[in-house]
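For reference, the structure discussed in these notes is given below.
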Amino acid sequence: MKSISQLSRYLLATLSLTTVFGVAAPSVLGVSFSTPEGVAGTPRTRTSGGASRTNGQCLVGQEDVAAVRPILPNFERVLTVSEHPSFFVYVPETTVETGSFSLQDSSGDLHYRTHVDLPEQGGIVQITLPADYPEIALGEDYSWYFEVHCVSEFDPNNPTIEGTVYRLPLEESLAEALANADTALDIAQVYGEFGIWYDALGTLATAYQGEPENHIITENWNQLLTSVGLEELTQQSLNVD
């Protein structure tokens, strides 16, 4: 099995962003993830719950609970270098107002849990670990779960999705590249080049929050989603925290 250092180098991506006189110019963003040794395997991002359409079904116009989706590449191990990363899920229009997010360590112990307000018309929801909360550990696989409270809180019939997160150390080469990045899009480019999914996506979300009318940021956000097969979500609103 390859080392963590080799793993991050294998997870290369490309984000094509151009900066002219300090202003980001329109570009085409293409992110592609390889599948190095140590990452390949059955993806652990899946949807469950809500087996009956009449038992707590609260997703408007949806017959399949798989409509609730994690915003992730289809890999078993998805990377971050952040101590407190952000997580993103898509929730369609629903008749309920809340869901819940929980994070477990590799032993199954609860690391974090919070309630989440759901957008009335549906959309992409961001959940960020609080800065004053214990950081996620280096080199440990975490599993996270997002549940829509269709029936009641923590009911097995609720639509529930899961994902994974694995924190890498901030290597010297990545730190140097980030230090030379001038804009948020430059930073997203760097994370993409190193295959750090959570940080690339979180950086673009923060940029969008600051400039929601910036079509360049929107274009890059859409291209990033498309690159991992989530193009059907590019027209969904982004609800940042």
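Positions are given from 1 along the sequence. Model, not experiment: these values are computed from the prediction.
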Check your understanding: When rounded to the nearest 0.5 angstrom, what distance separates CG in L233 from OG1 in T226?
Key -> 9.5 Å
**Study point:** Chi angles and distances behind the side chain to side chain contact (heavy atoms under 4.5 Å, CB included) call for E93, L59
**Key:** CA-CA 6 Å; E93 184 179 356; L59 308 179; over 6 Å; no
Practice item. Taking the side chain as every heavy atom from C-beta outward, state whether E231 and L225 have any pair of such atoms under 4.5 Å apart. Key: no
Check your understanding: Quick check: does any side chain N or O of R167 sit under 3.5 Å from a backbone N or O of A137, one acting as donor and the other as acceptor?
Key -> no
Review point. Taking all non-hydrogen atoms of both residues, which atom of P70 and which atom of L230 are closest, and how far apart?
Key: O-CD1, 4.3 Å
Exercise for review: Would you mind reporting whether V89 and V68 have side-chain heavy atoms less than 4.5 Å apart?
Suggested key: no
Practice item. For T80 and D199, test the side chains for any donor-to-acceptor distance below 3.5 angstrom and give the result as yes or no. Key: yes
Point to revise | Rounded distance [0.5 Å steps], CD1 in I196 versus CG in L168 | key: 5.0 Å
Review point. Side-chain donor-acceptor pair under 3.5 Å between S143 and E162, yes or no?
Key: no
Review point. What closest approach, in Å, do V125 and P119 show between heavy atoms, and which atom pair accounts for it?
Key: CG2-CD, 3.6 Å
Point to revise | R113 NZ/CZ over F154 ring centroid, <6.0 Å and within 45° of normal | key: yes
Exercise for review: Quick one: closest heavy-atom pair of G122 and N239, and the distance?
Suggested key: O-ND2, 4.3 Å
Review point. With side chains defined as the heavy atoms from C-beta onward, is the minimum distance between D117 and T98 less than 4.5 Å?
Key: yes
Point to revise | CG on L178 to OG on S173, rounded to 0.5 Å | key: 9.5 Å
Review point. With no hydrogens and no angle check, is any side-chain donor or acceptor of S152 less than 3.5 Å from a backbone partner on D155?
Key: no
**Study point:** Hphob cluster co-occupancy, V91 + Y145, side-chain heavy atoms under 4.5 angstrom
**Key:** no
**Study point:** N158 (side chain) donor-acceptor with E147 (main chain) under 3.5 angstrom
**Key:** no
Practice item. Please check if L170 and I187 belong to a single hydrophobic cluster, counting links between Ile, Leu, Val, Met, Phe, Trp and Tyr side chain heavy atoms closer than 4.5 Å. Key: yes
Exercise for review: Let me see the working for S102 and L110 under side chain to side chain contact (heavy atoms under 4.5 Å, CB included), right down to the final yes or no.
Suggested key: CA-CA 7 Å; S102 59; L110 184 66; 3.9 Å; yes
Review point. Should S100 and H149 count as side-chain neighbours, where that means a heavy-atom distance under 4.5 Å?
Key: yes
Review point. Does S82 reach the main-chain N or O of H84 with its side chain, forming a donor-acceptor pair under 3.5 Å?
Key: yes
Check your understanding: Is it true that atom CD of E140 has more than 12 heavy atoms of other residues, nucleotides or ligands lying nearer than 6.0 Å?
Key -> yes
Practice item. Please test I71 against F87 for side chain to side chain contact (heavy atoms under 4.5 Å, CB included), starting from the C-alpha separation and ending with a verdict. Key: CA-CA 8 Å; I71 309 301; F87 303 85; over 6 Å; no
Point to revise | Inter-residue atom distance Q104.CD - Y112.OH, 0.5 Å rounding | key: 14.5 Å
Exercise for review: Check whether any side-chain heavy atom of E120 lies under 4.5 Å from a side-chain heavy atom of E97, and answer yes or no.
Suggested key: no
Review point. Rounded to the nearest 0.5 Å, what separation is found between the CD1 atom of I161 and the CZ atom of F146?
Key: 6.5 Å
Review point. Are the ring centres of Y142 and Y166 closer than 6.0 Å?
Key: no
Check your understanding: Is a side-chain donor or acceptor of T160 paired with a backbone partner of P156 at a separation under 3.5 angstrom?
Key -> no
**Study point:** Check: W144 ring centroid to F101 ring centroid under 6.0 Å
**Key:** yes
Check your understanding: Shortest non-hydrogen contact from C58 to V96?
Key -> SG-CG2, 3.8 Å
Exercise for review: Pick out which of I124, T234, I216 makes a side chain to side chain contact (heavy atoms under 4.5 Å, CB included) with W221.
Suggested key: I124
Exercise for review: Answer yes or no: is there a side-chain heavy-atom contact under 4.5 Å between T203 and L185?
Suggested key: no
Review point. Which heavy atom in A207 sits nearest to a heavy atom in A184, and how many Å separate them?
Key: CB-CB, 3.9 Å
Practice item. Kindly determine whether T164 and E76 satisfy side chain to side chain contact (heavy atoms under 4.5 Å, CB included), including the steps that lead there. Key: CA-CA 7 Å; T164 64; E76 183 177 4; 5.6 Å; no
Review point. Does V60 belong to the same Ile/Leu/Val/Met/Phe/Trp/Tyr cluster as V148, with side-chain heavy atoms less than 4.5 Å apart forming each link?
Key: no
Review point. Hey, does V78 have a side-chain heavy atom less than 4.5 Å from the side chain of V165?
Key: no
Point to revise | Nearest-0.5 Å distance that lies between atom OG in S237 and atom OH in Y90 | key: 8.5 Å
Review point. Is it true that I127 and Y133 fall in one hydrophobic cluster, defined by side-chain heavy atoms closer than 4.5 Å?
Key: yes
Exercise for review: Find out whether L72 and W197 are in side-chain contact, i.e. whether some heavy atom of one side chain is under 4.5 Å from a heavy atom of the other.
Suggested key: yes
